[in-house]
Structure formats: structure tokens, C-alpha cells
Amino acid sequence: MAMTSRTIRIGDQSFPYSFGEDCLDEIAAEIAGLAADTLVFVTDDHVLELHGRALSRLAGTTPAITLSHRAGESMKTLACLTAHLETALRAGVTRRSVVVAFGGGVPGNLAGLMANLLFRGVRLVHIPTTTIAAMDSVLSLKQAINSPVGKNHIGTYYAPAAVYTDVRLFETLTARELRSGLCEMAKNCLAIHPAALEQLRAVIDSGAPATPAALRWLLDASIAAKSAVTRADTFERGSGLVLEYGHTAGHAIEICDHRARGAAGLSHGAAVAVGMLVAAHISHARGRLTERELRVHYEIVTGLGVEPRLPAAVRIADVLSVIGDDNKKGYLEARSDAVPFVLLDGLGTPARTGALPLVHVSMDEIRAALEALALPAVRAVGV
């Protein structure tokens with residue numbers, strides 16, 4: 001089946017996104033056409049174990065080096081970035097080399113930052129192997145790693161030369177990993193494009209969200225939703241901030257859960273899903289979201305298999321202590337008692353402060369929403 005190609009426009013940057021099924025040879029030909037002197041594959045040990053043969057096919061006859069690391073957030077550190085850069089430079093990469101991100105969002109972010117730093121910028125190609133990378137992180141110019149204080153504090157904006165996806169690479173995903181990407185797609189529907197909710201429900205109700213046809217639709221819908229808010233917002237500092245829906249509380253919950261349970265903690269997408277429920281409760285309490293719209297959030301989140309409550313290992317006090325370090329600090333006037341949040345005035349309609357889709361939310365409001373999610377889910381939606 002021929003690949004489908006879309007042009008992604010983010011502000012004054014644009015790049016092709018081509019995706020299909022059983023199209024690794026076509027992707028390899030596209031990469032060969034870049035005429036790189038060296039391909040620098042950035043991946044993780046788990047992806048390399050699953051897709052090592054695919055990586056070799058993608059490299060073709062071009063000289064290549066593979067930089068891999070134990071999978072997980074430990075990749076998104078200055079130490080790993082420095083080690084990878086040194087290895088690449090010692091291997092003789094030049095300005096004609098191409099960095100190829102092969103994996104999920106974590107290798108993708110690390111590769112993006114590497115490509116931007118090497119010789120002040122070499123070409124970058126993304127080949128996502130997870131739904132969350134394919135439907136979310138590669139549809140952005142943001143490239144970031146974590147600081148010791150919080151997520152994504154150190155980064156830049158850098159456009160890839162191209163993105164290529166073969167949905168067959170998703171066949172090795174666990175239910176947890178697949179769900180993570182679908183949660184980001186659900187965010188796009190709830191916050192940006194509610195007209196797609198019915199089709200998303202149909203995909204969920206089918207019980208087969210991982211079929212190639214369903215994945216191709218999810219990719220296309222994700223591209224359309226994200227492009228709608230980033231086309232005129234290169235740095236996602238304006239209309240594109242709506243993509244942070246669910247992320248303020250979600251990141252804090254994710255950090256706290258991983259501190260408590262390690263790798264057993266919520267995936268990024270599942271944490272964002274719970275974060276959307278936090279935001280929806282705050283919006284509902286303010287009289288902005290109706291009871292029905294709050295229920296829609298619960299229907300979508302639970303339909304994706306995410307437990308609609310705060311993980312038992314996560315304490316509300318810990319979430320509140322972390323949430324103040326969210327990376328959206330500075331967009332609004334600083335307040336000691338409040339945090340900038342993406343809230344909704346209705347499905348697909350973000351609340352605004354001036355032109356920004358952000359509003360201050362007090363710590364008391366956040367606490368009340370978290371307490372609602374610490375209750376049995378049936379009570380949390382008032383039935």
C-alpha cells in the first residue's frame with residue numbers, strides 16, 4: 001500500500017509526514033535519497049531488541065552508527081545527551097550526516113536536541129515506533145530533555161527534514177503503550193476537534209484500535225487537530241498551548257507516580273488522561289463545562305482503559321508540591337497561589353487570558369479536583 005503524505009506546517013516551518021502500512025522499503029529509499037555520509041540512529045535498548053532488523057533495512061548501504069540506551073526517562077538527561085554527542089563526534093559525523101530518531105517520544109526528543117546541537121544543526125528524521133510519538137511528539141518542533149527539577153526544562157525548537165511511519169511497527173506495542181498514544185489523541189478531540197469524538201468512540205467500541213486502518217485514521221486525525229493550532233504558532237507559545245491540556249496535572253502525577261512505583265507508574269498518556277479529568281473537574285466547578293461534557297471526559301478516558309482516579313501510590317500533597325514547577329511558568333503573571341492551566345469553556349473551546357489559552361488556577365481548586373479523583377469514580381461524576 002502506498003504511503004499517505006501530509007505536509008505539516010508549524011509557523012514558518014514545514015516538513016513532510018508520510019505514513020502507511022508495510023512500507024519500510026519505501027522509507028529506506030526516502031532516507032537513501034538524503035545522501036547522508038553517516039546515519040546516526042538514536043534509539044533505546046527495548047526498541048533495538050524488537051526492531052533491530054527493521055533498523056538495518058532502513059540504513060540500507062549508508063554507513064550508520066546506532067546510539068542506544070536503557071529505555072525510559074533516564075535517557076532524557078544531560079549525561080545521556082553528552083555521551084551520545086561525544087560518541088557521534090568520535091565516530092566522525094559531519095554536517096552531511098543525518099540523525100534518525102527511531103523509537104518513542106523519549107529517543108525522539110533526545111535525537112532532536114542532538115541534531116540541533118551538532119554543528120549548529122544537522123538534518124533530523126523521525127521514524128516513530130509508538131503511537132504516542134507518531135500521533136503527538138513528532139507533530140511539534142519541541143525537543144527537550146529533563147532537568148533534575150522537572151520534565152522538559154532543557155530544550156529547543158527544531159524541525160525535522162521528514163517524518164516517516166509504518167504502522168506495522170506498532171504491532172509490538174503493549175496495551176499500555178498503545179493506550180498512551182490514544183490518550184493523546186483523545187486530548188486532541190476534547191480540547192481541539194470535538195467533531196472527531198464520534199469516530200474515536202467508534203474506534204474504541206470496535207475493540208480493535210490497533211488495526212492498520214484504525215491507526216491510519218488516528219494518525220490523520222491527530223495531524224489535522226495539531227496542525228489546526230500550530231500552523232500559525234511556531235513555538236507553541238500562543239494557540240498551540242492548548243496542546244498542553246491535561247499536561248499540567250498529568251506531568252505532576254506522572255512524576256510522583258514514577259517516584260513511588262518506578263516503571264510501574266502511569267504511562268505518559270495515561271497520566272495526561274488523568275490530568276484531563278483534573279482540568280475538566282476544575283472547568284466544571286467554575287461552571288464552564290457542563291455535567292454532560294464532564295461525563296464525556298470520563299467516557300473517553302475509561303473507554304481507553306485508564307483508571308479514572310489518582311493512583312493509590314500518589315499523594316495529593318506531593319502532586320501540589322511538584323505542579324508549581326510546570327514548564328508553562330512565565331506565560332502568565334507569576335502568582336504564588338496559582339498555576340497556569342489549560343481549561344475548557346466547552347469541548348474544543350479553551351478558556352483564555354487575553355490571546356493565550358491559559359488561565360490561573362488556584363492551589364485550592366487543584367486540590368479539590370485531585371480530591372474528587374481520589375474518590376470512587378462513580379461518585380466523582382456525580383451519579
If only atom types and distance count, is the side chain of R9 paired as donor or acceptor with the main-chain N or O of S227 below 3.5 Å? no
Any side-chain donor-acceptor pair under 3.5 Å between S362 and D337? no
Working to the nearest 0.5 Å, report the span between OG1 of T62 and CD1 of I31. 8.5 Å
Closest non-hydrogen atoms of T130 and G105, given as atom of the first, atom of the second and distance, are OG1-N, 4.2 Å
Of all heavy-atom pairs linking T248 and P340, the shortest is OG1-O, 3.7 Å
Return yes if some donor-acceptor pair links the side-chain N/O of R201 with the main-chain N/O of G303 below 3.5 Å, else return no. no
Ring centres under 6.0 Å, that's the criterion: do H281 and Y298 meet it? yes
Between T230 and G240, which heavy-atom pair has the shortest distance, and what is it? CG2-CA, 4.5 Å
Do L370 and V319 come close enough that some side-chain heavy atom pair is under 4.5 Å? yes
salt_bridge(D325, K151) N-O dist < 4.0 Å: no
Checking side-chain polar atoms at under 3.5 Å, does Q143 have a donor or acceptor matched by the opposite partner on N116? no
N-O pairing of D45 and R70 below 4.0 Å: no
Going by heavy atoms in the side chains, are Y157 and K142 under 4.5 Å from each other? yes
salt_bridge(D220, R6) N-O dist < 4.0 Å: yes
Is a donor on one side and an acceptor on the other found under 3.5 Å between the side chain of D166 and the backbone of D22? yes
Quick one: closest heavy-atom pair of V278 and L373, and the distance? CG2-CD1, 3.3 Å
Flag the pair R216 / L219 as yes when at least one side-chain heavy-atom distance between them is below 4.5 Å, and no otherwise. no
Look at R261 together with E254 and state whether they make a salt bridge at an N to O cut-off of under 4.0 Å. no
Is any side-chain N of the basic residue among K187 and D136 closer than 4.0 Å to the acidic one's carboxylate O? yes
Hey, are the side chains of Y245 and V272 touching, using non-hydrogen atoms and a 4.5 Å cut-off? no
My understanding is that only one of E291, E293, R295, H297 makes a side-chain hydrogen bond (donor to acceptor under 3.5 Å, both in side chains) with H284; could you say which? E291
Can you find a side-chain donor-acceptor pair between T7 and Y17 that sits under 3.5 Å? no
Between H51 and L169, is there a side-chain heavy-atom distance shorter than 4.5 Å? yes
Give a yes or no on whether the ring-centroid distance for H268 and H247 is below 6.0 angstrom. yes
With a 4.5 Å cut-off on side-chain heavy atoms, are H84 and L110 touching? yes
Quick one: does S180's side chain have a donor or acceptor within less than 3.5 Å of a partner on G269's backbone? yes
What are the two closest non-hydrogen atoms of A101 and P107, and how far apart are they? CB-O, 4.2 Å
For I154 and N146 the tightest heavy-atom approach is CD1-O, 4.1 Å
Can a side-chain donor-acceptor contact be found between Q13 and T234 if the only test is distance below 3.5 angstrom? no
